Amino acid sequence: MAKNRNDDFVTEITPKSTDFSRWYTDVVRRAELADYSPVKGCMVIRPYGYALWENARDLLDARIKATGHTNAYFPLFIPESLLKKEAEHVEGFAPEVAWVTHGGDNELEERLAVRPTSEAIICSMYSKWVQSWRDLPILINQWGNVVRWEKVTRFFLRTTEFLWQEGHTAHATAEEAQEETLKMIGVYRDFLEEDLGIPVVTGIKTEKEKFAGAARTYAVEALMSDGRALQAGTSHNLGQNFAKAFDIQFEDQNQEIQYAWSTSWGMTTRTIGALVMTHGDDNGLRLPPRVAPYHVVIVPIKAGNYEEEVLPAARRLEDLLRTAGLRVHLDDRAEYTPGWKYNEWEMRGVPLRAEIGPRDVKNEQTVLVRRDTRDKTFVPIAHVPGAAATLLDDIQTSMLATARQFMESNTHPVEDFDAFSEVMSGTRGFLKANWCGDRELEVEIQQKTSATIRCLLPDEEPTGPCFYSGKPAKHVAIFAKAY
RNA sequence: CGGGGCGUGGCGCAGCUUGGUAGCGCGCUUGACUGGGGGUCAAGAGGUCGGAGGUUCAAAUCCUCUCGCCCCGACCA
């Protein structure tokens, strides 16, 4: 029942259909997730945005620990000589590394890279820690920040400094390392789908797209509501590349010296951007309950016997919900009207709103309103915790279902380049096609359509010749225009 | 790094073509009345127009240089 939308309000957020980029920026700023900073390329994550990140981080951290990993912390700086040890790795990251050249007024003998990723520093430590097969596997994760000197800034999606976790493991066998790589891409998939409500496609990166220094890169790719793909997490099987470069050796059970097999995997604050672009609408954010800073916002209606009855009732409701383990916020600000608050909290994506006024106090009830559907339910106070929990579960499930339906209906099987081009110049989305695997043609397609191969689907067999070259296909590939 | 655009109270903008000493909306402050989908009225505060130089009696406006930001592309998570 949301018809009388105020024009002034609507103009604060550019409609998605008018200009998706502006819509995204407007939502991020108006919802107070982030703000520009005086530092070029760097953003400030504001308390509301950071609360969102903390919730997401905690859920992912629990999943990482549940799969046997422990957290540690390695230095922010990496000596140049260390970074240069793995050739492909340096080459891949060189253009975007920030260098520290001075300590105070003194020029350093060896400059220090501000980590763009930590393989080098971590692997150099692993080489000290690993001597025997008994020292393996090493299963370590780190939460931290990294710096990549990108040219362009977009909130959460591309900033010079960003927050992430990076897992680094070392194993005795190739099989174990491969198993780990797959296990972690699965952890990302589950986290994104179950906790963030973001459906993904899981697959393997092509040689062109894989991580610098990796033997094989797996990725989870999400489809944003403007039809562009966003890489939401990667897991790399590094083979023995880094073990050889950093000398991670051990003596096995047959008393032979072996190089270890390593993996690395990461997920960043970019997922917050994915969250906004997957679920947001023209009224602002929509947050999945599991990560929402507030599950429920209580709006007391200031009327009649407000101070004596309504506000105390609202406070009791707050206690009741908090005791039930929900994250609750009571918005008792006197300076705003209820209608203003409804819009404000919808804009900020709070999944459930509880309204309580004189009529509700009299009837010992509250009104629960869903952000996703705007459905209203009158609930007796005593039943509120249970009813809220049920609604939140339902919101979580239905947000994923809605997003999945969008992804599926925007995944287009194409059999020839004409069909491919037509989709790319229209609604875009994921294009699913048989692929010959020729790297040069991959570049050619990108130049013509700006679409890249997001991933190859490992579990699917080609159903015909390559859509582009007509040659025998080796893979089924997902193409898309990427963020 | 290539192409485009923008810098004017906290935010969003107008004014610039045709120079005359800055205005609107929102927000903010105080008070009163209000309050179930962004309330009403009244009284206020707040800007040397991104920066530097030049032209002129006079520059937000014209000229030169410079800095910053945003969007698209390329690169990336």
Side-chain angles (χ1 to χ4, degrees), chain A residues 1-14 19-22 24-26 29-30 35-41 43 92-97 116-117 145-166 188 205 208-209 211-212 217 219-222 229-236 264-274 283-284 299-304 306 310 332-347 353-361 366-367 369 374 376 378 443 446-447 450 452 481-483:
Chain A
M1 300 298 285
K3 30 193 196 288
N4 303 320
R5 309 301 300 176
N6 183 310
D7 287 346
D8 290 343
F9 172 68
V10 172
T11 56
E12 289 181 29
I13 296 178
T14 307
D19 183 340
F20 192 86
S21 291
R22 276 200 65 177
Y24 175 75
T25 305
D26 287 349
R29 295 193 72 185
R30 285 286 293 120
D35 203 353
Y36 300 116
S37 82
V39 190
K40 190 176 179 174
M43 67 172 183
F93 282 102
E96 53 192 58
V97 171
T117 177
N145 56 342
V146 286
V147 167
R148 296 183 188 178
W149 218 260
E150 305 282 356
K151 304 287 195 292
V152 193
T153 310
R154 287 201 77 190
F155 286 128
F156 295 107
L157 303 179
R158 201 187 298 107
T159 48
T160 301
E161 178 189 9
F162 57 88
L163 307 183
W164 76 343
Q165 63 63 221
E166 47 179 327
Y188 289 151
K205 288 289 178 186
K208 175 175 168 290
E209 301 280 333
F211 178 73
T217 290
V220 279
E221 295 281 334
L230 190 116
Q231 180 175 307
T234 46
S235 181
H236 316 292
S264 69
W265 25 274
M267 181 169 295
T268 79
T269 32
R270 185 178 238 196
T271 50
I272 302 299
N283 293 316
V299 178
I301 308 303
K302 197 173 179 189
Y306 179 74
V310 177
D332 59 359
R333 290 176 295 178
E335 61 269 33
Y336 295 109
T337 60
W340 192 94
K341 293 177 184 176
Y342 298 166
N343 285 293
E344 175 74 6
W345 291 111
E346 279 175 15
M347 196 264 301
R353 177 176 76 238
E355 303 172 14
I356 185 160
R359 291 205 298 270
D360 305 306
V361 172
T366 185
V367 187
V369 187
R374 282 225 182 75
K376 289 191 176 187
F378 292 85
V443 174
Q446 179 176 5
Q447 284 164 350
S450 82
T452 51
K481 184 179 164 75
Y483 266 96

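In the text below, chain A, chain B and the rest are named by the order of the sequence lines, each starting its count at 1. Since the model is a prediction, treat every value here as computed from it, not as a measurement. Values below: all heavy atoms of this structure, side chains included; hydrogens, waters and symmetry mates excluded.
In a base pair of the Watson-Crick type (N1 to N3 plus N6-O4 or O6-N4) or a G-U wobble (N1-O2 and O6-N3), with each distance short of 3.5 Å, U55(B) is matched with no nucleotide. Under the Watson-Crick or G-U wobble criterion, with both distances below 3.5 Å, A74(B) has no partner in any strand shown. Under the Watson-Crick and G-U wobble criteria, each requiring two contacts below 3.5 Å, nucleotide A60(B) is left unpaired. Under the Watson-Crick and G-U wobble criteria, each requiring two contacts below 3.5 Å, nucleotide C24(B) is paired to G12(B). Across all strands shown, nothing is found opposite G47(B) as a Watson-Crick or G-U wobble partner with both distances under 3.5 Å. Pairing for G68(B) goes to C6(B), judged as Watson-Crick or G-U wobble with the two contacts each under 3.5 Å. The nucleotide A42(B) finds its pairing partner in U30(B), both defining distances of the Watson-Crick or G-U wobble pair being shorter than 3.5 Å.
Look at Ser21(A) and you won't find any side-chain N or O under 4.0 angstrom from OP1 or OP2 of C71(B). In this structure, Gln446(A) reaches the C75(B) phosphate: one of its side-chain N or O atoms is under 4.0 Å from OP1 or OP2. An OP1 or OP2 oxygen of G73(B) is reached within less than 4.0 angstrom by a side-chain nitrogen or oxygen of Lys481(A).
Taking atom C1' in both C67(B) and G27(B), the straight-line distance is 29 Å, to the nearest Å. The separation of A59(B) from A22(B), taken at their C1' atoms, amounts to 13 Å, rounded to a whole angstrom. A distance of about 42 Å separates the P atoms of G4(B) and G46(B), rounded to the whole Å. Straight-line distance between the C1' atoms of U8(B) and G23(B): roughly 10 Å, to the nearest whole Å. One P atom belongs to U48(B), the other to G35(B), and the distance between them is 41 Å to the nearest Å. Rounded to the nearest Å, the gap between the C1' atom of G47(B) and that of A74(B) is 40 Å. Here, G15(B) and C62(B) have their C1' atoms 16 Å apart, quoted to the whole Å.
At the heavy-atom level, Asp360(A) lies under 4.0 Å from base atoms of the strands shown. In this structure, Thr159(A) reaches the bases: a heavy-atom distance under 4.0 Å links it to at least one base atom across the strands shown. Among the atoms of the strands shown, base atoms are found under 4.0 Å from some heavy atom of Arg359(A). At the heavy-atom level, Gln231(A) lies under 4.0 Å from the strands shown only through sugar-phosphate atoms. Contact annotation for Ser450(A): backbone-only contact, meaning every heavy-atom pair under 4.0 Å involves sugar-phosphate atoms and none involves a base. Arg333(A) comes within contact range of no nucleotide atom at all, as no heavy-atom separation falls under 4.0 Å. Using a 4.0 Å heavy-atom criterion, one finds that Tyr306(A) contacts no nucleic acid atom at all. Leu230(A) comes within 4.0 angstrom of nothing in the nucleic acid, heavy atoms only. No contact: Ala232(A) has no heavy atom under 4.0 Å from any strand. Within 4.0 Å of Val367(A), counting heavy atoms only, lies at least one base atom of the nucleic acid. Using a 4.0 Å heavy-atom criterion, one finds that Pro358(A) contacts the bases of the nucleic acid, with or without backbone contacts as well. Looking at heavy-atom distances under 4.0 Å, Phe20(A) makes no contact with the nucleic acid at all.
For Thr25(A), taking side-chain heavy atoms from C-beta onward, the closest of the listed nucleotides C71(B), G35(B), G39(B) is C71(B). For Glu346(A), whose side chain is taken as the heavy atoms from C-beta onward, the closest listed nucleotide among G36(B), G37(B), G39(B) is G37(B). Candidate nucleotides G36(B), G37(B), C76(B) were compared by shortest atom distance to the side chain of Ile301(A), and G36(B) ranks first. Each of G37(B), C72(B), G35(B) was ranked by its minimum atom distance to the side chain of Arg154(A); first place goes to C72(B). When the nucleotides C70(B), U34(B), G36(B) are ranked by their closest atom to the side chain of Lys302(A), U34(B) comes out on top. When the nucleotides C70(B), C75(B), G36(B) are ranked by their closest atom to the side chain of Tyr36(A), C70(B) comes out on top.
For Arg158(A) and Trp149(A), the positive end is not near the middle of the six-membered ring at less than 6.0 Å and at most 45° from its axis. Stacking of Arg353(A) on the aromatic ring of Tyr342(A) is recorded, both the 6.0 Å distance cut-off and the 45° axial limit being met.
Proximity of a side-chain donor or acceptor of Tyr24(A) to a complementary backbone N or O of Phe155(A) within less than 3.5 Å is detected.
Lys205(A) has a carboxylate O that lies under 4.0 Å from a charged side-chain N of Glu221(A), or vice versa, which qualifies the two as a salt bridge.
From Met347(A), atom CE reaches atom CD1 of Ile13(A) across 5.5 Å, with rounding to the nearest 0.5 Å.
As rounded to whole Å, 9 Å separates atom P of G37(B) from atom CZ of Arg353(A).
Between Val369(A) and Glu355(A), some side-chain heavy-atom pair lies under the 4.5 Å cut-off.
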Going through the distances and angles, do Asp26(A) and Thr14(A) end up as a side-chain hydrogen bond (donor to acceptor under 3.5 Å, both in side chains)? CA-CA 7 Å; Asp26(A) 287 349; Thr14(A) 307; 2.6 Å; yes
Please test Glu161(A) against Asn145(A) for side-chain hydrogen bond (donor to acceptor under 3.5 Å, both in side chains), starting from the C-alpha separation and ending with a verdict. CA-CA 7 Å; Glu161(A) 178 189 9; Asn145(A) 56 342; 2.8 Å; yes
